[in-house]
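Residues: numbered from 1 along the sequence shown.
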Amino acid sequence: MTLSHLIATVGGTGHLKPASGTWGSAAGLLLAVLLHWLGGPLLLVLALIVVWFAGLWSVKAETAGKADHDPSEIVVDEVVGIFVAFLPVSLGAAHVGAPLSALWPGWVTAFLAFRLFDIWKPWLVARADRRNDALGVMLDDLIAGVFAAVVVVALAALSHLVLMA
């Protein structure tokens, strides 16, 4: 097994069936939580940058010369997306000094909203996906992660408004 394959499949997680993207997202969420516990939002952002560039390289290597530009076993893009979706949870916990476990509704929202946007592929997500190249594979999940992060922030704000009322 090559290094590019290990990165693209997140250590083989992409070979889990059914729903390899969901498995990749779950692995990404666990990694995001671990990164937050080890170094807070700063470490999560640094890891996001590293995984983005490693993902671009590995996806390009794994799809070179193949007709399928986004095979199901490639899930490094899901990790990037879930890192982005989880970032408001990490930032919120760090900002108020709350234990990450107290923000579990944010974890669930980040995961479900990211999976929704990744599968549904609305607007910019679909445009990125139609690129049919390594950048498109990575970019559609990054954008889905941004959309999910907006949902996380909106629902957190709504829950705080309800709790304060």
Side-chain angles (χ1 to χ4, degrees), residues 4-36 41 44-92 103-159:
S4 65
H5 190 77
L6 281 172
I7 293 169
T9 64
V10 186
T13 303
H15 293 292
L16 296 175
K17 302 292 182 217
S20 57
T22 300
W23 286 108
S25 299
L29 182 60
L30 293 175
L31 285 170
V33 168
L34 179 63
L35 289 164
H36 174 88
L44 181 58
V45 169
L46 292 173
L48 170 61
I49 293 166
V50 168
V51 173
W52 167 263
F53 285 107
L56 276 174
W57 169 77
S58 67
V59 170
K60 186 174 181 180
E62 289 300 304
T63 59
K66 297 178 182 169
D68 188 357
H69 77 281
D70 193 2
S72 63
E73 68 270 10
I74 292 179
V75 294
V76 68
D77 50 330
E78 271 79 13
V79 172
V80 166
I82 202 72
F83 278 13
V84 172
F86 187 74
L87 191 55
V89 179
S90 179
L91 288 167
L103 279 68
W104 67 266
W107 302 25
V108 173
T109 302
F111 183 82
L112 294 177
F114 172 69
R115 290 308 300 144
L116 172 71
F117 292 123
D118 186 31
I119 293 165
W120 176 27
K121 299 202 184 306
W123 184 41
L124 292 175
V125 180
R127 283 187 65 188
D129 188 57
R130 286 192 298 267
R131 287 182 54 95
N132 293 328
D133 62 4
L135 180 60
V137 170
M138 296 297 293
L139 193 57
D140 78 314
D141 288 82
L142 179 74
I143 297 167
V146 170
F147 287 179
V150 169
V151 170
V152 169
V153 170
L155 290 180
L158 181 62
S159 74

Determine whether a donor-acceptor pair (N or O, by modelled atom type, separation under 3.5 Å) exists between the side chain of K60 and the backbone of W57. no
Looking only at heavy atoms, the pair that brings G28 and V79 closest together is CA-CG2, 3.9 Å
Between T13 and A27 the two heavy atoms that sit nearest each other are CG2-CB, 4.0 Å
Can you measure from CH2 (W107) to CG (L112) and round to the nearest 0.5 angstrom? 14.0 Å
Nearest heavy-atom pair of A85 and A148: which atoms, and what distance? CB-CB, 3.7 Å
Donor-acceptor check, side chain of S20 to backbone of L16, threshold 3.5 angstrom: yes or no? no
Is D129 close to D70 at the side-chain level, that is, under 4.5 Å between some pair of heavy atoms? yes
Between CG on residue L48 and CD1 on residue I82, distance to nearest 0.5 Å: 12.0 Å
V80 versus D141: any side-chain heavy-atom pair under 4.5 Å? no
Looking just at side-chain N and O atoms, do E62 and S4 make a donor-acceptor pair shorter than 3.5 Å? yes
Pair S90-H36, side-chain donor/acceptor within less than 3.5 Å: yes
Under the criterion side-chain contact (heavy atoms from CB on, under 4.5 Å), I'd like the reasoning laid out for W52 against L139: C-alpha separation, chi angles, the key distance, then a yes or no. CA-CA 9 Å; W52 167 263; L139 193 57; 4.2 Å; yes
Quick check for you: to the nearest 0.5 Å, what is the distance between K121 atom NZ and R130 atom CZ? 11.0 Å
Looking at NE2 of H15 and CD1 of I74, how far apart are the two atoms once the value is rounded to the nearest 0.5 Å? 9.5 Å
Scanning both residues in full, the closest heavy-atom pair of L103 with G92 reads CD2-C, 4.2 Å
Note: G106 and V152 closest approach over all heavy atoms is O-CG2, 4.3 Å
Do the side chain of W120 and the main chain of V125 share a donor and acceptor less than 3.5 angstrom apart? no
Got F114 and E78 here, is their nearest side-chain heavy-atom distance under 4.5 Å? yes
Under a 3.5 Å distance rule, please check whether S58 uses its side chain to pair with a backbone N or O of I7 as donor and acceptor. no
R131 and D133 ion-paired at < 4.0 Å: yes
Minimum heavy-atom separation for F111 to S25, with atom names? CE1-CB, 3.6 Å
Is there a side-chain contact (heavy atoms from CB on, under 4.5 Å) between V75 and W23 once you walk through the steps? CA-CA 8 Å; V75 294; W23 286 108; over 6 Å; no
Rounded distance [0.5 Å steps], CD1 in I119 versus OG1 in T22: 5.5 Å
Do F83 and L87 come close enough that some side-chain heavy atom pair is under 4.5 Å? no
If you measure from CZ on R127 to CG on D140, what distance do you get to the nearest 0.5 Å? 13.5 Å
For V51, the option from V10, D77, V76, L56 that meets side chain to side chain contact (heavy atoms under 4.5 Å, CB included): V76
Report the relative orientation of the aromatic rings in F147 and W123; use parallel for angles under 30°, tilted for 30 to 60°, perpendicular for over 60°. parallel
